[in-house]
Every structure is written in C-alpha cells, then in structure tokens.
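Each remark here refers to the structure printed beneath this line.
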Amino acid sequence: MGRRGAWRIYLGAAPGVGKTYAMLNEGRRRAGRGTDVVVGLVETHGRSRTAEQIGDLEVVPPRRTRHRGARLTELDVDALLARRPEVALVDELARANAPGGRNAHRWQDIEELLRAGIDVVSTLNVQHLESLSDVVEGITGVRQGETVPDAVVRRADQIELVDMTAEALRRRLAHGNVHAPDEAALPPGYFRTGNLSALRELALLWVAGRVDEGLARYRDQHGITEPWEARERIVVALGGGPEGDALLRRAARMGARAGRADLLAVRVVRSGGLDEGSAAAVARQRALVESMNGTFHQVVGDDVATALLEFARGVDATQLVVGAGRRSGRRRILAHGIGSAVARESGDFDVHIVGHEHAGRRAGATRASGPALSRRRRGAGWALALAGPPALTALLAGTGLRFGLVIDILLYLVLAVGVALAGGLWPAVAAAVLGSLLANWFFTPPFHTLTIGDRDNALALVIFVGVAAAVASVVDLAARRARQAAQSGAEAETLSMLATSVLRGEKALPALLERVRETFGVTSVALLERAGDGWTVLGSTGSDPCPDPDRADAQARVGADRSGETVLALRGRVLPAADRRVLSAFASQAAAALEWRRLAEEAGQARRLAEGNKIRTALLAAVSHDLRTPLASIKAGVSSLRQTDVDWDPEDEAELLATVEESADRLDGLIGNLLDMSRLQTGAVSPLTQPIALEQVVAPALQGVPAGRVEVDVPETLPPVLADAGLLERALANVVENAVRHSAGAVTLRAGEVRPDRVEIRVADRGPGVPEAAKEQIFAPFQRLGDSPRGTGVGLGLAVARGFTEAMGGALRAEDTPGGGLTMVFALPAAGACGDGSAAGGEDGGPR
C-alpha cells in the first residue's frame with residue numbers, strides 16, 4: 001500500500017473568520033517553496049480578497065452538475081487523481097454532493113485523494129461537526145443540514161483553529177466582507193455577539209479536546225509518567241467519615257471553576273485506617289462522586305500519605321484535596337496529620353487542606369491505633385531513650401532535689417514507660433538499663449561508683465529494670481495486636497467491597513481485574529489460562545500485562561476445571577503474605593466470574609437451540625397448513641389446463657393461468673419469508689450498511705403493489721440513511737404488503753427527519769387497527785391478525801421486517817393511525833451520525 005496523504009483542516013467558529021483565506025495563504029506558502037500545489041475547489045462566496053489570494057495557483061476546473069434546476073459546482077475527483085499534485089486545496093469539506101455521484105459527501109471525495117497519496121488542505125466550520133450540531137442549533141436557532149462525523153475530522157493530521165473575536169467578525173460583516181450564502185442561508189440574528197462568543201467557545205473546547213488526545217498519545221509513546229498540568233485532574237482523599245461529602249462538593253466546585261476537570265475520589269485502606277468510617281458513609285460518598293461524573297477508587301497502603309501520593313501521580317493529578325485532621329490535641333503531639341505529610345512530599349501538584357465542621361473531633365468511640373512501630377516512632381523512641389535518662393539525671397542532680405532512691409527509681413520507671421509508649425520494646429529496655437546505671441552512679445551509695453553497698457538498693461534496681469522491660473513488652477505486644485486487628489479490619493473491608501461488587505453488577509472480568517490492580521497498587525493484572533504448553537490471556541488491565549505466570553511478581557491460582565488451569569498474574573511489586581490472603585479472595589471471585597461467563601454462554605447456546613427447535617416446529621406447521629393453499633391452487637389450475645377432453649376458451653384459460661401465477665407468487669413470497677426468518681434466527685444475516693438515499697429503496701419495494709394503492713411522500717432534501725439497501729427494501733416491501741392487505745383505503749408512505757441523527761419512515765393504513773396489548777405480538781414469528789384466514793400467509797412478514805431493521809441498527813414499532821388504522825414506523829440512523837458509514841458485510845448490499 002502506498003503512502004497516505006497528510007490532511008490539514010482549518011477550523012473556524014463561524015462563517016467569515018478567514019478559513020478559506022488561511023487555506024489559500026498556506027497553499028501559496030507551500031508553492032513558494034517549490035511544492036506542486038493545485039486548487040481543487042474554492043468557494044469564494046463573492047469575497048474579492050479571497051479570490052485575489054488564489055493568485056497564480058493552478059486551478060483544476062470543478063465538475064458542473066444540475067440538480068432540481070440548480071447548477072452545482074463540485075470537486076472533480078477524477079481530474080485531481082489524473083493530475084496527481086503533491087497538495088490539493090479543497091474548501092468546505094462538509095458540503096453534500098448532488099445525488100447520483102460517486103460519493104455522497106465532499107469529505108468522502110477527500111478520503112479518496114488521501115488514499116491516493118495526495119496531501120489535502122481543507123476548511124470546516126464548527127457548526128458542521130456532528131457532535132455539536134444540536135448544540136449550535138440550540139444557540140443560534142439554525143439547523144445544520146450538512147454535518148461531518150467527528151471521527152472523520154479526528155483522522156486529520158493537523159487541525160488549526162482560525163480564531164477571531166465576535167466584535168472583529170461583526171466589523172467584517174458591517175464592512176461587507178461576509179457575503180453570499182452566509183447572508184442567504186443564515187438569519188441576521190445568527191451573528192449576534194452572544195451567539196458568536198458561544199460558537200467561539202465551542203470551537204476552542206473542541207480543539208482543546210483534540211490536543212488532549214494528541215498529548216496522551218505522545219506521553220504513552222515516550223514513556224512519560226510525570227504529571228503535566230495540561231488538564232485539571234482533582235483527587236479527593238476520603239476517609240469514610242462524615243466530612244467526605246463536604247470534600248467532594250468542594251472539589252466539584254473547584255473543577256467547575258477550572259472548566260474541564262476530572263474528579264477522582266480515593267479511599268486508602270490501611271492497618272489503622274485513614275479515619276474510622278462506616279460502610280454507609282463510604283457507599284453514600286461513592287454514589288455522590290458518581291453523580292458528579294467522577295470515579296471512586298480504593299487502594300491498600302500502610303502509609304496513607306505515600307499511598308495518596310502514588311495514586312495521585314499515577315493518574316496525573318494536578319490537585320489533591322485532603323480534609324483537616326480529626327485528631328485530638330494529645331494525638332496531634334504524637335503524630336502529624338495526613339494533610340501535612342502529603343503537602344510536605346507532594347512537589348508535583350497542589351494540595352488543598354480543607355476545613356470542615358468535624359475537624360478536631362473524634363467521630364467514633366472504637367478506633368484502631370495508628371501504625372504500631374513506624375520508622376518515625378522508633379526513631380523518636382530511641383532519641384527519647386538516649387536523651388531522656390541523662391536529662392532526668394541532670395534535673396535531679398543539678399537542682400539538688402533529694403527524694404530518696406525509691407522516688408528516683410520510680411521517676412526513671414515513668415520515663416521508661418513513656419519511651420515504651422513512643423518507641424516500643426527495645427528503646428524502652430535501653431532507657432531502663434541506662435537509667436539504672438545512672439541511678440546507681442549518682443544516687444546509690446557509694447556514689448560515683450558502680451558498686452552497690454546495700455542489698456536492698458541492688459534489688460530495687462534489678463526490679464526496676466525488670467518492671468520497665470515487662471511494661472515495654474506489654475505495650476509493644478498490645479501495639480502489634482492492634483496493628484494485626486486493624487490489618488484484618490482493612491482486609492475485611494476490602495473483602496466486603498469485593499462481595500458487594502457482585503450485588504452492584506460488576507461481574508465483568510475487566511472491572512474485577514481493574515479492582516485488583518487498584519487494590520494492590522500494581523502496574524498490571526492478567527488472567528491466564530493454560531492452553532497446551534503455553535498460556536492464553538483471558539483478560540488483562542494495566543500496562544505490559546504478564547504473558548506467563550513464571551514471569552509475574554505475584555500470582556494466585558484461580559482454579560483447574562474442565563477448561564484447564566487458570567492463574568491470576570500481577571506485575572509491579574512483590575506482595576507480602578498478608579496481601580496474598582486478599583489476593584486469594586480475588587482469585588476466587590475471578591473463578592466465579594469465569595464460571596458465570598461460561599454458564600451464560602452455555603445458556604445462550606441452549607436458548608438458541610430451543611429457539612431453533614421452536615422455529616423448526618413452526619416451519620413444519622406452516623408447511624403443512626399455509627403452503628397447501630397456493631400449492632393446491634397451482635395443482636388445480638395446471639390439471640385443468642392439461643385436460644384433453646375440455647376445450648377451454650381464451651378467457652377461461654387466461655383466468656386459470658393467472659390463478660397459477662398468483663399462487664406461485666404467493667408461494668415464492670412465503671418461502672422467501674420462511675428462509676429469511678430462519679437466517680435471522682441463526683444469526684446468518686450480516687448487513688452491509690452504507691449511506692443510501694431513500695428514493696433508491698422505496699421504488700423497488702413498491703414494485704409488487706397494485707398501482708394507486710400507496711401514496712408516497714419522500715422529500716428529496718432528506719439526508720441519506722445508514723442501511724443495507726437489500727434488507728431495507730425487503731423490510732419495506734413486507735410492511736407495505738401487510739398494510740395493503742388490511743387497509744380499506746390507500747396506504748400512505750411518508751419519510752421525515754425527526755432529529756439530525758434519525759430519519760423515520762411511516763407506513764399508515766386505514767384498516768381495523770391492532771389493540772394496544774397486541775402491538776408487540778404482531779412482530780413475533782407466526783403471528784397474524786386474529787381474523788386473518790389460513791392461506792393468507794404464515795405470519796412472518798413483520799417479524800422479518802423488524803429483524804432486518806434491527807440488524808441495520810434501526811427500530812420498527814407500531815402506532816395507531818389517527819382516525820383509525822395502524823402505522824408502522826421505521827426509525828433509521830442518518831448517514832452522518834455513525835462515522836463514515838462503512839461496516840463489514842457482503843458485497844452485494846443485500847441479505848447474507
């Protein structure tokens with residue numbers, strides 16, 4: 001395949017901002033550098049300055065066509081392909097071509113040039129973007145008849161915004177520099193200052209979104225993980241307390257002031273908890289953040305500040321919102337708050353410590369202690385153990401206080417207990433030994449020696465050291481037990497959320513794997529199944545998923561069933577033993593999710609088999625009853641004509657032949673519907689959807705209907721629909737035939753555009769109508785109107801019509817006709833609302 005051409009688009013907020021001028025200026029600049037540039041099509045709209053900008057650029061003559069008496073100018077694709085310039089300038093890519101051409105839209109012409117390796121520079125106004133057309137209509141009151149799918153525009157290599165203030169554009173309008181179709185097609189109110197400012201904002205935001213996409217691709221390609229403050233991403237730290245609601249609302253207001261901002265709420269589950277909280281509060285805050293279009297995350301980490309910072313950097317956060325601490329005065333002295341720790345280590349982003357009414361209060365009576373033996377506490381304990389006894393000795397000896405040896409030893413014991421509370425066992429033992437030596441040297445006779453003259457004093461010092469060591473051991477053991485209990489509580493909370501995820505409907509494997517990745521803070525998670533000598537990836541999340549369990553940092557066996565051995569493989573860090581228990585629970589849920597998926601697949605297969613059996617049974621019944629009537633008519637007519645003893649006159653012979661022909665046509669239609677229904681039930685219908693003008697389908701669909709029975713009203717201004725021509729023709733024919741059969745008068749077929757992305761075709765009859773309760777039943781296979789006699793059909797026409805319509809992405813419903821009767825309504829997607837209109841399918845455009 002040859003090189004694809006590069007595509008550059010000049011995007012403007014409104015007509016007259018200078019897109020065409022900028023395009024021509026770019027063409028002249030490239031031509032000045034020696035590039036082969038031609039003008040494929042430029043619409044100057046009578047602007048002299050724009051026409052002058054063409055200058056000496058070569059112009060490929062456009063193709064002239066006539067439509068409804070009007071002379072149209074279109075891009076001559078064949079001439080450009082034959083000329084094969086390096087660069088082609090093509091104006092107004094949203095324009096629609098005249099019906100009957102090779103392409104329905106100009107952007108499809110441009111696609112042909114790009115595929116041929118020709119670079120294209122073109123222009124577009126923001127109101128012609130499909131995703132913004134309804135917003136523009138709400139602002140200006142003008143409905144855009146020509147739109148371009150956003151996906152098409154995003155395929156451009158470069159999009160440059162041609163910007164101009166509303167006041168400057170209005171001055172251009174006043175000076176007569178905005179002319180032609182702008183004045184004819186747009187009302188004067190279109191160019192109000194407010195409208196132009198709103199359109200300009202839409203264009204700026206749309207281009208900003210496109211820049212975001214390009215930036216994300218660039219960062220992925222270059223492996224950049226540091227946060228870039230290109231877009232606000234606000235992370236809210238939740239502790240499960242009542243202050244979380246206020247933090248979320250405050251963060252949402254910050255995001256609203258920033259314009260476009262992502263809101264992420266994260267709760268860190270650690271051994272002591274970020275704060276005590278209730279499951280009800282967590283569930284309420286999860287619902288609140290989701291109602292604000294944010295996302296809720298939960299991670300596990302012993303150090304809350306570190307876990308918050310890692311999460312924030314992992315999602316490229318620009319701001320982190322933390323609530324003011326709820327610590328009492330005593331606990332503020334023993335440990336710093338989470339907010340201050342995060343602010344001290346943040347560096348890359350802003351940290352907001354938000355005050356609330358619960359600051360400084362304890363929310364509950366039952367609370368696990370903080371980390372028992374953190375590095376900071378051990379350091380503080382050793383510092384106190386080394387500095388405390390000398391300081392106490394200096395206080396007692398330097399001030400001349402004399403309490404007696406017992407009181408002195410009790411004071412050293414109080415100091416040792418304080419060291420145990422602060423730093424655990426070994427700092428307390430060190431403080432006790434050092435205190436006993438100092439007490440012996442300074443306060444036990446004989447003084448300033450390590451000799452103890454009194455046996456009671458020696459015993460008191462030994463008891464002091466033993467009591468201090470015992471108290472320190474008890475404090476340390478209690479702290480460790482509290483840590484283990486809190487860790488178990490954190491695991492229980494994670495397992496509780498894991499269990500409730502089933503109730504929340506998160507059965508899909510991707511959601512479960514993403515939850516594993518977030519919970520353990522790893523880079524990737526993969527679900528692997530043994531397939532022979534290798535492994536197959538059933539699902540994965542994160543970057544660089546592990547293809548083999550032997551190369552994983554952590555793994556858990558999911559199960560060995562009839563499908564083989566299955567393993568959950570994690571990459572990013574080695575998990576401690578405590579986390580592996582939780583990982584085993586995740587593995588069990590993954591096994592349940594796999595089994596659920598397999599059971600669902602088996603149930604679907606069983607359902608299809610049951611439906612197939614039902615269809616086969618009904619087909620046999622149809623063959624044995626409804627097909628006999630036309631066969632009997634054909635048999636009787638042919639037998640009568642073959643009688644040699646009867647001399648048939650021409651009129652009788654013609655009548656018999658007409659009966660045979662009519663019965664054969666009826667038989668052909670019945671068999672066609674039976675085959676179509678069978679293919680629908682087995683999933684063998686694969687539509688080839690493409691833009692189709694309704695007039696191309698309606699006429700063939702009415703060929704078998706007697707003349708004068710159907711009144712057709714299909715405006716030529718309707719946009720094309722995205723459909724399969726063969727399927728749509730068959731569906732329309734079935735519905736029209738059904739309406740003609742039951743209607744007492746003429747049947748009407750009308751088409752109209754109800755939304756920019758939807759076109760409706762209404763087939764209305766004047767028959768007896770259908771009760772409201774039976775409007776869905778008539779679409780079921782082998783269902784007929786209650787008074788229809790046998791021999792008029794097998795009841796498949798409407799079922800086939802709905803099946804074909806839904807296969808093309810449309811819908812078919814029944815409504816009452818005003819004044820009596822039934823109306824069948826086809827709702828079909830407009831061609832501009834679904835990308836470029838291409839889909840996989842057969843080659844002939846019909847049923848497959």
Side-chain angles (χ1 to χ4, degrees), residues 216 219-220 223 225 227 233 235-238 262-270 274 282 286 289-290 294-304 306-317 490-491 493-502 504-529 535-558 566-594 597:
R219 286 167 54 84
D220 289 341
T225 58
R233 290 178 175 87
V235 173
V236 184
L238 298 179
D262 297 332
L263 180 63
L264 302 91
V266 57
R267 173 169 167 77
V268 179
V269 179
R270 59 161 177 144
L274 177 60
V282 173
R286 175 195 286 269
V289 71
E290 289 175 352
T295 55
F296 182 90
H297 308 265
Q298 180 162 299
V299 297
V300 175
D302 285 337
D303 190 308
V304 178
T306 301
L308 283 176
L309 290 170
E310 289 178 352
F311 178 85
R313 293 190 179 104
V315 298
D316 272 350
E491 292 180 4
E493 185 172 354
T494 300
L495 295 175
S496 173
M497 180 169 290
L498 180 62
T500 56
S501 68
V502 177
R504 290 172 56 84
E506 298 175 357
K507 298 186 182 70
L509 280 175
L512 178 65
L513 298 179
E514 180 63 24
R515 188 169 293 279
V516 174
R517 190 185 68 81
E518 288 182 355
T519 299
F520 297 106
V522 294
T523 57
S524 67
V525 180
L527 186 63
L528 308 176
E529 183 180 64
W535 293 87
T536 301
V537 179
L538 300 180
S540 65
T541 184
S543 60
D544 192 21
C546 183
D548 191 316
D550 295 335
R551 297 161 61 182
D553 295 320
Q555 59 175 281
R557 184 185 177 88
V558 172
T566 310
V567 173
L568 203 61
L570 284 67
R571 267 186 174 175
R573 69 184 182 96
V574 179
L575 299 184
D579 286 346
R580 292 181 182 275
R581 292 194 297 269
V582 181
L583 180 60
S584 298
F586 275 106
S588 299
Q589 176 128 338
L594 278 176
R597 187 174 72 176

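Between Ala265 and Leu238 the shortest heavy-atom distance is CB-CD1, 3.8 Å. Between Ala569 and Cys546 the shortest heavy-atom distance is CB-CB, 4.2 Å.
Residue Leu568 holds its CG atom at 6.5 Å from CG of Leu513, rounded to the nearest 0.5 Å. Interatomic distance, Glu529 CD to Thr536 OG1, rounded to the nearest 0.5 Å: 6.5 Å. Interatomic distance, Arg517 CZ to Ser543 OG, rounded to the nearest 0.5 Å: 8.0 Å.
The shortest side-chain heavy-atom distance between Leu308 and Val268 falls under the 4.5 Å cut-off. Between Pro549 and Trp535, the closest side-chain pair of non-hydrogen atoms falls below 4.5 Å. A heavy-atom distance below 4.5 Å is found between the side chains of Val525 and Thr541. Side-chain contact between Val522 and Arg573 is present, with at least one heavy-atom pair separated by less than 4.5 Å. Asp544 has its side chain within reach of Arg571: a pair of non-hydrogen atoms, C-beta onward, lies under 4.5 Å apart. Proximity of Leu528 to Leu538: side-chain heavy atoms (C-beta onward) are nowhere separated by under 4.5 Å. With a 4.5 Å cut-off on side-chain heavy atoms, Leu264 and His297 count as touching. Contact annotation: the side chain of Val289 approaches that of Leu263 to within less than 4.5 Å [non-hydrogen atoms, C-beta and beyond].
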Check: Can Leu527 and Val567 be said to form a side-chain contact (heavy atoms from CB on, under 4.5 Å), step by step?
Finding: CA-CA 6 Å; Leu527 186 63; Val567 173; over 6 Å; no
